[in-house]
Enquirer: 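Dropping a structure here in structure tokens format, bear with me for questions.
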Protein chains: 2
Amino acid sequence: MRNPKLHCPLTYAVKAISGKWKLYILSMLSDGQPKRYGELKKTGENLTEKVLTSQLRELEQDGIICRKVYPEVPPRVEYMLTESGRKLCAIFEPLYEWGVDYMKDNKPEKLYLLKMDRQELV
Amino acid sequence: MRNPKLHCPLTYAVKAISGKWKLYILSMLSDGQPKRYGELKKTGENLTEKVLTSQLRELEQDGIICRKVYPEVPPRVEYMLTESGRKLCAIFEPLYEWGVDYMKDNKPEKLYLLKMDRQELV
DNA sequence: CAGCATCCCAGACGATACTG
DNA sequence: CAGTATCGTCTGGGATGCTG
């Protein structure tokens with residue numbers, strides 16, 4: 001390894017956000033308002049409960065979001081960004097900008113990726 | 001979607017660097033010196049030819065690296081970052097910093113991830 | 001409402017052998 | 001040297017149904 005900047009923490013960071021629905025979840029939570037499980041599920045088209053739960057658990061274990069259970073009936077569970085999660089979301093801006101350029105340069109053949117937009121980030 | 005910052009280009013960007021050996025390759029190329037196929041293979045422990053080739057092809061199609069073939073015998077092929085690739089690597093710094101904090105907060109149970117370090121980023 | 005339990009599959013990744 | 005070609009494996013994600 002020549003460039004220490006690219007050492008393990010970067011791999012960790014990328015893995016932490018690499019789940020198929022994680023950016024969707026982070027986008028939902030990025031307004032700072034806690035969201036209920038049902039809300040996340042409702043607006044996530046084609047997102048199944050098993051997958052939503054697994055993505056939430058992973059984000060929680062990675063300290064990016066936190067889960068708050070209200071002892072009520074019917075049950076209520078809310079998810080929100082942690083401090084670490086807020087920092088992470090702030091970092092996304094330059095990466096987003098890079099993505100804009102990246103898409104600009106892409107040929108029409110690659111637009112098959114667009115199906116992901118509808119699915120993940122309506 | 002509430003936060004447009006998290007729209008599709010970010011998903012694209014994350015997908016572009018999500019291959020298992022892509023950060024390794026980018027780290028190797030980030031010193032600006034072109035690298036030969038054999039060099040990339042040699043220092044990448046457990047990295048097979050098929051996988052190395054596939055990762056290189058994907059990075060190339062995404063405009064992050066470029067491939068230069070020298071018409072010689074024996075054959076010589078060099079890979080180097082494109083302008084877009086250099087921009088991308090520059091963006092990694094804050095993400096790397098976030099990863100450092102992220103690792104600091106992690107409990108020992110999670111150190112199983114360390115096997116990835118040896119494997120990917122020696 | 002917020003989930004867990006099962007079963008299943010495509011695609012990423014790896015091992016091995018071969019080649020212009 | 002810089003790859004292809006095959007085959008096998010493993011797991012992230014999906015479909016469906018059930019529950020405290």
Side-chain angles (χ1 to χ4, degrees), chain A residues 11-12 14-26 28-29 34-62 65-80 110 112-113 115-121, chain B residues 11 14-25 28-29 34-62 65-80 112-113 115-116 118-121:
Chain A
T11 304
Y12 290 11
V14 171
K15 284 180 74 72
I17 59 174
S18 288
K20 179 163 180 185
W21 291 90
K22 289 186 182 175
L23 288 180
Y24 160 75
I25 293 170
L26 294 181
M28 290 290 287
L29 299 182
K35 298 285 180 297
R36 299 182 61 165
Y37 182 89
E39 289 181 83
L40 296 171
K41 181 175 183 311
K42 190 153 56 91
T43 55
E45 210 171 340
N46 301 329
L47 170 55
T48 66
E49 283 139 1
K50 181 203 158 199
V51 174
L52 174 56
T53 302
S54 75
Q55 303 281 289
L56 287 169
R57 292 289 183 278
E58 289 177 21
L59 288 171
E60 188 190 5
Q61 287 183 3
D62 287 336
I65 65 174
C66 67
R67 176 174 182 270
K68 188 168 184 184
V69 182
Y70 294 85
E72 305 173 355
V73 178
R76 184 167 126 224
V77 178
E78 284 183 353
Y79 294 91
M80 58 188 303
K110 306 206 67 188
Y112 69 89
L113 284 167
K115 64 177 160 62
M116 279 196 43
D117 297 344
R118 272 184 272 110
Q119 187 181 54
E120 290 193 22
L121 300 167
Chain B
T11 304
V14 171
K15 284 180 74 72
I17 58 175
S18 287
K20 179 164 179 185
W21 292 90
K22 288 185 182 175
L23 289 180
Y24 161 77
I25 293 170
M28 291 290 288
L29 300 182
K35 297 285 180 299
R36 298 181 62 165
Y37 182 89
E39 290 182 82
L40 296 172
K41 181 174 182 312
K42 191 154 56 89
T43 55
E45 211 171 340
N46 301 328
L47 170 55
T48 66
E49 284 138 358
K50 181 202 157 197
V51 173
L52 174 57
T53 302
S54 76
Q55 304 281 289
L56 288 168
R57 293 286 183 279
E58 288 178 22
L59 287 171
E60 188 191 3
Q61 287 183 4
D62 287 336
I65 66 174
C66 67
R67 177 175 182 269
K68 188 168 182 183
V69 182
Y70 294 86
E72 305 173 356
V73 178
R76 188 171 110 201
V77 179
E78 284 182 353
Y79 294 91
M80 59 188 303
Y112 69 90
L113 284 167
K115 64 178 160 61
M116 278 195 45
R118 272 184 271 110
Q119 186 180 55
E120 289 193 23
L121 300 168

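Within every chain, numbering begins at 1; the chains are lettered A, B, ... in the order of the sequence lines, protein sequences first and strands thereafter. Atom set for the values below is all heavy atoms of this structure, side chains included, hydrogens, waters and symmetry mates excluded.
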Enquirer: Classify the nucleic acid contact of B:Glu78 as base, sugar-phosphate or nothing, counting any heavy atom under 4.0 Å across all strands shown.
Expert: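 No contact at all - B:Glu78 keeps every heavy atom at 4.0 Å or more from the nucleic acid.
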
Enquirer: I need the CD-P distance between A:Glu39 and C:dA2, as an integer number of Å.
Expert: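 Spelled out: CD on A:Glu39 to P on C:dA2 is 8 Å.
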
Enquirer: If each of A:Val51 and A:Pro75 is mapped to the nucleotide of DNA chain D with the nearest heavy atom, which maps nearer the 5' terminus, i.e. the 5' end?
Expert: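 The answer here is A:Val51.
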
Enquirer: If you compare all heavy atoms of B:Thr11 against all heavy atoms of A:Leu23, which two are closest, and at what distance to 0.1 Å?
Expert: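 Distance-wise, the nearest heavy atoms are CA-CD1, 3.8 Å.
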
Enquirer: If you compare every side-chain N and O of A:Arg76 against the phosphate oxygens of C:dG3 (OP1, OP2), does one of them come in below 4.0 Å?
Expert: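 Indeed not, no polar side-chain atom of A:Arg76 lies that close.
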
Enquirer: If you define the side chain from C-beta out and look only at heavy atoms, does anything of A:Arg67 sit under 4.5 Å from A:Leu56?
Expert: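 No - every pair of side-chain heavy atoms lies 4.5 Å or more apart.
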
Enquirer: Send over the distance from A:Leu47 CG to D:dT16 C1', rounded to a whole Å.
Expert: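 One finds 15 Å between C1' of D:dT16 and CG of A:Leu47, rounded.
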
Enquirer: To the nearest angstrom, how far is B:Leu52 atom CG from D:dG3 atom P?
Expert: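 These atoms are roughly 8 Å apart.
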
Enquirer: Considering only side-chain heavy atoms of A:Lys20, which listed nucleotide, D:dG13, C:dC4, C:dA2, is closest?
Expert: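 For A:Lys20, the side-chain atoms sit closest to D:dG13.
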
Enquirer: Figure out the CD/P separation between B:Glu45 and C:dC13, and round it to whole Å.
Expert: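 The distance from CD of B:Glu45 to P of C:dC13 comes to 18 Å, rounded to the nearest Å.
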
Enquirer: Between C:dC4, D:dG3, C:dA2, which one does the side chain of A:Glu49 approach most closely?
Expert: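 Closest of the options to the side chain of A:Glu49: C:dC4.
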
Enquirer: Would you mind telling me which residue lines up with the more 5' stretch of DNA chain C, B:Ser18 or A:Gly38, judged by nearest nucleotide?
Expert: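 Going by which nucleotide is closer to the 5' end, it is A:Gly38.
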
Enquirer: Which pair of non-hydrogen atoms, one from A:Ala16 and one from A:Leu59, has the smallest distance, and what is that distance?
Expert: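 Here A:Ala16 and A:Leu59 meet closest at O-CD2, 3.9 Å.
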
Enquirer: Which atoms form the tightest heavy-atom contact between A:Lys22 and A:Lys15, and what is the distance?
Expert: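 Distance-wise, the nearest heavy atoms are NZ-O, 4.2 Å.
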
Enquirer: If you look at every strand shown and take non-hydrogen atoms under 4.0 Å, does B:Tyr70 touch a base, only sugar-phosphate, or nothing?
Expert: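 No contact.
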
Enquirer: Can you measure A:Gln55 atom CD to D:dT11 atom C1' for me and round it to whole angstrom units?
Expert: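 Answer to the nearest Å: 13 Å.
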
Enquirer: Provide, to the nearest angstrom, the distance between the OH atom belonging to A:Tyr79 and the P atom belonging to C:dC1.
Expert: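 Whole-Å distance recorded here is 15 Å.
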
Enquirer: So, taking the atom named OG1 in B:Thr43 and the one named OH in B:Tyr24, what distance separates them when rounded to the nearest 0.5 Å?
Expert: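 Reported to 0.5 Å precision, the distance equals 2.5 Å.
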
Enquirer: Tell me whether the side-chain N/O atoms of A:Trp21 come closer than 4.0 Å to OP1 or OP2 in D:dG12.
Expert: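 No.
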
Enquirer: Taking CD from B:Glu72 and P from D:dG3, how many angstroms apart are they, rounded to a whole number?
Expert: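 Interatomic distance, CD of B:Glu72 to P of D:dG3: 13 Å.
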
Enquirer: How would you label the contact of B:Lys50 with the nucleic acid (heavy atoms, under 4.0 Å): base, sugar-phosphate, or nothing?
Expert: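 Result for B:Lys50 = base.
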
Enquirer: Does B:Arg36 put a side-chain nitrogen or oxygen below 4.0 Å from OP1 or OP2 of D:dA2?
Expert: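 The answer is yes; a side-chain N or O of B:Arg36 sits under 4.0 Å from OP1 or OP2.
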
Enquirer: Whole Å only: how far is the CG atom of B:Asn46 from the P atom of C:dA15?
Expert: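 So the two atoms are 7 Å apart, to the nearest Å.
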
Enquirer: Looking only at side-chain N and O atoms, does A:Arg57 come under 4.0 Å of OP1 or OP2 in D:dG12?
Expert: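 Result: no.
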
